[in-house]
Amino acid sequence: MRDLVLSDVQKSYGGTRALRGASLSARSGEVHGLVGENGAGKSTLVKILSGAVRADGGSVALDGRALRPRSPQEARRAGIGTVFQELSLIPDLSVAANLLYGIEPRVRAGRISTGALHAAARDALARFELPAGDVSRPVRELRLAERQVLEIVKTLLHEPQVLILDEATSALLPEQVAWLFALVRRFAAAGGCALFISHRLAEIESLCDRVTVFRAGADVGGGAIGELPEARLVELMLGRAVERIYPPKAPAARDAEVVCELRSFGAPPRLQPLDLKLRHGELVGVGGLDGQGQAELFGALFGTVPAAGSVLLGARELRCASPAAALDAGIALVPEDRAAEGLCLTLGVRDNISLGSLGGISRLGVVDRARERRLVAGAVGELQIKVADVRDPVGGLSGGNQQKVLLSRVLARSPRLLLLYDATRGVDVGTKTEIYRLMREQAAAGVAVLFYSSDAAELAALADRVLVLHDGVVRAQLSGEISEEEIVAAAVGGRRKEAHA
Amino acid sequence: MSLARHRTVLTAYAIALLLFAVGTLHSLDFAAPSQLKTMLVYASFIGIIGLGQTLCILTGGIDLSVPWTLTGAAVLTSVMTAEGRPLGVAIALVLALALVVGLLNGIGVAYAGVPPIIMTLGMNGALQGLLLVYTDGGISANPPQGLTDFVLGDTLGLPTQLWIWAAVIALGCALLSLTTFGRRLYAIGANRRAAELAGVRARRVLVAPYVISALGAAVTGLLVMGFTGQAFLTMGDPYLFSSAVAVAVGGASILGGSGHYAGTVAGALVLTLVASLLPLFSLGTAWLQIAYGLILLAAVYAAGLNVTRKKRGSPDA
Amino acid sequence: ACGSSDSDSDSSSSASTSAAGGDGASGGEKIKMVISNNFLGNDFRPQMLKLAELTARLPPFADTVELEVVNAENTTQAQVASLNNIIQGRPDVLLVDAGSPTALNPALKRACAAGIRVVSFDQVVTEPCAWKVAQSHADGQLVVGQWMDQVLGGKGKILVDRGLPGAPVSREIEDSFMEGLELGGGDVEVAGSFDGKYAPGPEQQGISQLLVGNRDATGVMTQGYCNPAFKAFRQAGISTVPATTCYGYNGELVGCLKERAQCAVLAGPPTVVQIAMKLGLDAAQGRETPPTSEQVPVPVTLFVTNADEFRPAENPGNIAIEQIELGTNAYEELPPGLALPFTLDEYDITAEQAAG
Amino acid sequence: MSATTADPRIDGGGRPLQRLLRAAGRAGLAAWMPYLYVAVLGGAIWALQPALIDGPGAVDVRFSAVVPLALVAFGQTLVMFTRGIDLAVGGVISTATALLATRGADGATLWLLIAAVVALGGVAGLINGVAVAVTRLQPFIVTLATWSIFGGVALLILPQEGGASPPALSEALLGSVLGVPKAVWVVALLLALWGWLRHTRLITDLRAIGSDEQRARLIGVPIARRTIQAYVLSGLFAALAGVWIAAQTGSGSPTAGDPFILSSVAAVVLGGTSIFGGTGSAAASIVGAIAFLLIPDLIAALQLESFWSTFFQGALLIAAVTVSSIAAQLKRRRGAA
Ligand SMILES: Nc1ncnc2c1ncn2[C@@H]1O[C@H](COP(=O)(O)OP(=O)(O)OP(=O)(O)O)[C@@H](O)[C@H]1O
Ligand SMILES: Nc1ncnc2c1ncn2[C@@H]1O[C@H](COP(=O)(O)OP(=O)(O)OP(=O)(O)O)[C@@H](O)[C@H]1O
Ligand SMILES: [Mg+2]
Ligand SMILES: [Mg+2]
């Protein structure tokens with residue numbers, strides 16, 4: 001019996017009530033889903049369970065015994081294993097040191113044997129059917145998906161009784177998700193209790209036995225997954241029904257005018273030259289396994305990666321050597337990592353939004369406050385950014401609202417080529433819907449839109465056309481009625497698919 | 001409006017006021033106009049250097065090459081005028097040299113990627129070496145009289161020097177609050193990568209703080225020389241850390257991204273007040289140093305209180 | 001004595017910073033004399049070293065001595081390291097102006113053991129094997145203290161400079177001044193003290209800060225310069241020109257006259273190096289030298305603005321007292337940093353030469 | 001956008017030799033630079049004036065100068081692992097020499113005295129560590145303030161340079177053992193200490209803190225305790241440096257430590273430790289200290305005015321960091337391409 005029962009848990013950060021009486025009960029042997037929009041309090045709950053923060057009120061019980069961990073170690077000792085949303089790997093430590101931190105083999109007089117450590121790390125990776133590789137590499141050198149996998153393995157190595165996965169799949173690819181699901185199912189089957197958090201409702205449906213829905217810091221419903229169809233989940237989460245998540249695809253984009261064209265454009269050696277025409281009104285998605293040249297494609301277009309070939313935007317041929325040059329040429333990018341590459345979290349909403357357009361709202365280097373106010377007010381209004389005062393630091397907003405701030409900064413430049421790199425990762429359904437709508441609006445207004453997504457379902461449902469990349473080469477171009485399976489098959493399969501009806 | 005938003009800066013002024021009150025209670029002379037003037041003049045040395053230092057620290061950097069840039073400016077001016085060059089020409093040349101020093105620092109930091117503390121520390125040593133070689137370890141030139149007259153001369157009831165500081169304050173506050181340059185500095189300090197992806201040409205922007213700092217140091221060197229009527233090789237020593245400390249007392253984060261020159265001005269006042277206040281209590285040098293350290297800790301703690309609190313509770317904890 | 005291994009060190013010293021004796025005289029038989037100086041940042045040391053070079057070109061040094069000057073950074077560690085390198089070169093005579101009275105002792109003991117004649121001068125060391133040549137600050141300040149007492153008529157408030165924190169000479173200067181001040185039996189009050197650090201900036205700031213509670217001060221004792229005291233008083237809006245004491249730079253003497261101030265300016269004569277060089281030469285040539293346990297005195301002058309009136313009750317060092325006068329000991333056209341007197345009479349060196 | 005290499009799972013393996021080569025490449029040029037500096041500088045001095053390197057007692061002299069800087073740099077490295085900086089070492093060294101120069105001791109009491117002085121260094125470090133860990137103020141500012149405080153304490157103990165440290169102290173620490181100068185033994189001992197220390201939990205934790213403090217907390221690194229330990233060790237090493245200086249000079253000075261503040265940072269940086277925490281090696285810092293101190297000797301060997309040594313020390317510092325920074329940029333670009 002490893003039942004986890006939380007009742008009436010409260011937590012405030014200063015004036016923000018992150019949890020206002022949240023309850024949840026998960027039984028041993030089950031995978032329990034936890035869903036809710038951005039800022040609903042899911043991660044806060046996770047942090048309380050894992051000892052990273054302490055609750056203001058309410059109770060948590062594991063196996064009927066009260067659980068009040070005062071530190072991450074205490075939580076770990078009590079049997080709680082957490083895969084943190086923001087990951088807990090130390091960039092400068094090696095894969096092995098991260099994997100086995102605190103459970104190193106052979107520690108004598110405080111000294112860790114590196115040989116034994118590396119051997120144990122390779123062993124551990126092998127046990128999870130992963131290629132060991134060079135375990136002395138610092139984690140800094142790994143990509144997000146690799147780190148995510150490492151974080152999962154690290155957590156399981158502590159042999160927890162309760163396994164918490166906070167958006168552990170957001171960076172994973174279908175096959176990695178399958179690998180994780182198998183692990184979680186095995187864990188539950190062995191009597192463990194798993195808490196699974198994800199914004200991909202399809203994952204919740206396929207993995208979880210029961211589910212709890214959070215809204216605004218409290219539980220608002222839940223039950224066996226079979227009794228909760230997706231539409232009902234969404235309604236519980238958002239407090240309103242959503243007609244349709246994805247906007248309708250563009251009709252007959254085929255013969256529309258070309259707004260942007262890539263000719264033999266690439267970033268050798270990781271991205272081979274490719275040709276691509278983006279048409280008026282069209283949303284073009286890029287998919288494939290992680291790290292197949294998608295980042296290089298977007299980076300090369302935006303001037304952060306050395307590029308070869310040419311880009312035609314309107315009538316002009318471009319070659320951008322820096323993001324500033326790209327922006328000036330009408331190319332804008334929503335980067336993948338909001339916190340690291342997107343926003344200045346300690347600065348205000350206003351400063352973040354106007355940062356991209358300073359040239360346009362200033363005269364002789366002096367910011368025109370009136371024009372700035374109009375710009376910011378317009379953005380906040382149009383994207384319905386929830387913020388009390390536009391001078392409040394962006395870091396204090398919920399993830400979804402942060403994403404909207406980033407989008408509004410990018411859109412304020414009125415780009416002619418809009419690049420979105422996994423812009424909906426970790427974003428809740430409500431906000432996603434709004435982002436999709438915006439993308440459509442932009443395309444309809446004549447902006448060339450190219451987006452990458454790690455979520456095959458999103459690609460299938462949103463894009464008019466999907467390029468699947470593999471090893472730097474376009475493996476398939478899909479259009480019309482695209483199915484998720486087609487994308488996955490093209491991404492992993494050896495077959496070469498050509499434009500499909 | 002919201003005073004809370006400017007709490008760090010206001011705290012620094014509150015500390016300055018408190019120190020002033022303590023001094024006045026101890027001796028009414030403390031508030032005598034001539035005394036105030038003198039104190040302001042001393043504050044202005046740190047204050048003028050403090051503008052460049054504030055800009056550097058806002059971007060997450062620091063300028064430790066101030067001492068020998070300052071000394072170099074004074075010494076070279078004194079030597080050149082002694083050789084018969086007109087004062088104006090000497091000053092122009094010296095400012096041009098300071099510009100080069102600032103450019104080198106800035107380019108090292110922005111383009112070569114050298115950490116600012118190392119770049120400027122190395123530059124300070126290099127300048128010291130060059131200047132010592134040049135002067136053979138000593139200077140015995142008459143200081144230019146015109147400079148002294150100008151610096152100490154009275155303009156509308158105040159020493160010209162204070163008007164210069166007033167202009168620097170106006171310029172510094174405007175730069176940070178009103179211009180795109182200021183916005184870009186904050187953005188780079190808060191998250192350089194994000195700023196670059198938002199279209200800020202970070203490398204180019206990053207050079208400017210070091211140039212401004214070097215020019216500020218050079219101007220201060222000239223002012224100190226005018227004020228004491230002499231150039232001497234240890235004249236930069238007190239300014240190695242004091243301007244950075246003034247910035248910190250003014251509530252800026254040494255990590256960059258937050259702070260304002262308005263705070264640094266208060267920080268310069270606080271440092272000067274402490275230095276003027278402590279001798280009133282006839283402490284020995286040893287106790288003076290101890291008291292200085294304790295007051296510094298207390299002031300930075302008070303001014304930085306809400307900053308550090310916020311840092312601790314940042315949402316991606 | 002320099003004998004064996006000098007094939008490379010000889011050729012190198014001629015290329016060095018400041019070899020004296022001029023042209024291509026072959027170095028073999030010459031006495032190799034090295035001055036180790038630690039850089040302080042004031043004007044006195046460079047001038048003293050220049051005087052050493054000038055002196056080395058005159059008899060009796062010109063044909064016998066090859067002089068090299070080695071500067072070290074202003075840290076004891078740096079001077080120790082520099083001394084070690086000098087000792088490796090085996091000079092005949094080592095003249096040391098020390099950065100610390102004690103910290104160089106081990107290195108100097110090694111030099112003595114290696115047969116090098118060691119003369120410590122100006123800032124002397126306590127190492128017994130070294131000769132010591134220095135001015136007695138105690139003797140000088142004893143007179144200066146009496147002067148202050150007499151000029152103020154035995155009453156009033158003064159501000160006192162404590163010099164550089166940690167430097168032994170600062171303490172000696174302060175203590176002897178106080179002793180002299182009390183000798184006269186007056187009750188001049190020390191209203192406050194400050195760290196002048198031997199630099200005009202800190203002196204001026206120190207005095208300014210003390211004036212806050214002491215606007216009625218009428219005298220200032222400094223360990224460096226007089227002019228900062230005048231400036232600080234004027235800055236504070238005080239019309240009194242304080243009676244001021246300082247050390248002997250040309251600019252201070254000129255300043256005293258210009259301000260019409262009562263001044264007592266003690267010479268900090270660079271001539272100390274000439275005496276030390278002569279001692280080193282004597283030792284190297286086997287002539288008679290004073291014992292290393294005694295400090296060889298340097299003749300010192302006290303320049304005052306009231307030479308006709310001032311008669312010290314006690315003057316154990318036989319300090320000469322001279323009236324400050326333009327043209328005789330104060331030169332408006334020469335640099336302010338010129339320390340006086342700039343040479344001993346037996347060497348033919350002009351003020352212009354000494355000033356460079 | 002994170003543009004990086006390799007396939008989706010944890011790296012594609014390789015044979016042991018390949019792995020070794022890859023590890024060596026990863027440590028890269030930067031790790032070997034300090035050794036290169038020492039070799040080049042030492043070689044140049046030797047070529048110009050062999051006596052400065054192999055003259056009688058030259059090794060002893062050179063290493064005696066290295067010891068205090070090596071000690072301070074060792075402690076400074078540990079602090080810099082955590083992204084901190086310890087400017088208070090200046091005050092601690094001064095206080096240590098002041099204490100030793102004002103207390104007589106012999107035989108057993110000498111060792112007691114040394115132990116007491118070193119322990120006081122630890123207490124000073126404790127104050128720094130607690131101030132940094134608890135008030136969460138910037139280490140730069142905290143230690144700047146405590147430097148002033150400890151320097152004041154040194155002045156209280158020994159108001160003026162001089163005094164006399166116990167002669168037994170100099171006898172105990174200077175000279176040779178087995179024909180090798182004790183200074184060389186001390187440096188060797190420090191290198192061995194690092195060899196042992198570098199794989200300890202302590203060092204791993206310090207690196208973790210410097211690399212990412214928030215995450216380090218999540219994996220259970222006792223942040224406050226480790227931070228305090230780093231500053232305590234830095235204080236201990238600084239006090240040891242003070243003991244060495246007192247032995248070397250036979251006296252004390254209330255300002256003896258001040259020059260070590262910036263030179264220790266310079267030695268650490270020359271050794272390749274990043275001021276942004278997480279990476280580096282104390283052994284390399286010691287090598288960096290040696291390189292730093294060879295410059296005045298090179299200037300002497302070149303018969304240049306000694307003022308040039310400040311210039312070249314500054315220039316080397318900038319050049320060293322520029323080289324490693326550009327190497328890192330190239331590596332990143334190669335990684336991205
Ligand atoms: N350290 C913090 N300081 C202040 N507010 C915080 C902090 N952490 C979270 N919050 C706030 O608490 C609320 C709940 O955040 P939490 O991270 O639990 O949401 P979530 O449900 O995990 O959202 P997401 O799906 O975006 O991850 C949000 O309003 C958030 O801004
Ligand atoms: N760290 C913080 N400091 C100050 N205020 C915060 C902080 N975190 C959140 N807030 C504020 O608390 C309020 C509620 O945040 P929350 O994340 O619950 O928003 P939300 O309405 O759920 O947003 P979304 O539409 O993205 O789901 C917001 O106004 C936000 O600005
Ligand atoms: Mg929300
Ligand atoms: Mg979350």
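Residue numbering restarts at 1 for every chain, and letters A, B, ... go by the order of the sequence lines.
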Passing option when B:Tyr261 is tested against B:Leu55, B:Leu58, B:Val168, B:Val9 for side-chain contact (heavy atoms from CB on, under 4.5 Å) = B:Val168
So, the part of A:Asp328 with a heavy atom under 4.5 Å from chain B: the answer is side chain
Among side-chain atoms of B:Ser258 and B:Ser253, is any donor-acceptor pair under 3.5 angstrom?
-> no
Atom group of A:Leu343 that falls short of 4.5 Å from chain B, counting heavy atoms = backbone
Find the one option among A:Gly356, A:Ala52, A:Ala340 whose heavy-atom pairs under 4.5 Å with chain B are most numerous.
-> A:Ala340
Of B:Leu240, B:Thr220, B:Leu222, which is the lone residue that meets side-chain contact (heavy atoms from CB on, under 4.5 Å) with B:Leu70?
-> B:Thr220
Below 4.5 Å from any heavy atom of chain B, which atoms of A:Phe84 appear? Answer side chain, backbone, both or neither.
-> neither
No-hydrogen, no-angle side-chain donor-acceptor test under 3.5 Å, A:Ser170 and A:Arg425 | yes
Considering only heavy atoms, which portion of A:Arg350 lies under 4.5 Å from any heavy atom of chain B: side chain, backbone, both, or neither?
-> side chain
Using non-hydrogen atoms and a 4.5 Å limit, figure out which bit of A:Arg369 sits close to chain B: side chain, backbone, both or neither.
-> side chain
Can you tell which of A:Leu406, A:Asp368, A:Leu358, A:Val366 has the highest number of heavy-atom pairs within less than 4.5 Å of chain B?
-> A:Leu358
Looking at B:Ala195, B:Ala190, B:Ala174, B:Gly189, which one has more heavy-atom pairs under 4.5 Å with chain A than the rest?
-> B:Ala190
So which part of A:Ala18 gets closer than 4.5 Å to some heavy atom of chain B, the side chain, the backbone, both or neither?
-> neither
Taking atom types as modelled, is there a side-chain donor on A:Thr82 or A:Asp166 under 3.5 Å from an acceptor on the other?
-> no
Distance-only polar pair, side chains of B:His260 and B:Thr8, donor-acceptor under 3.5 Å = no
Relative to chain B, which of A:Val367, A:Leu364, A:Asp351, A:Asn352 shows the most heavy atom pairs under 4.5 Å?
-> A:Val367
Scan side-chain atoms only and decide if A:Glu372 and A:Ser354 contain a donor-acceptor pair under the 3.5 Å cut-off.
-> yes
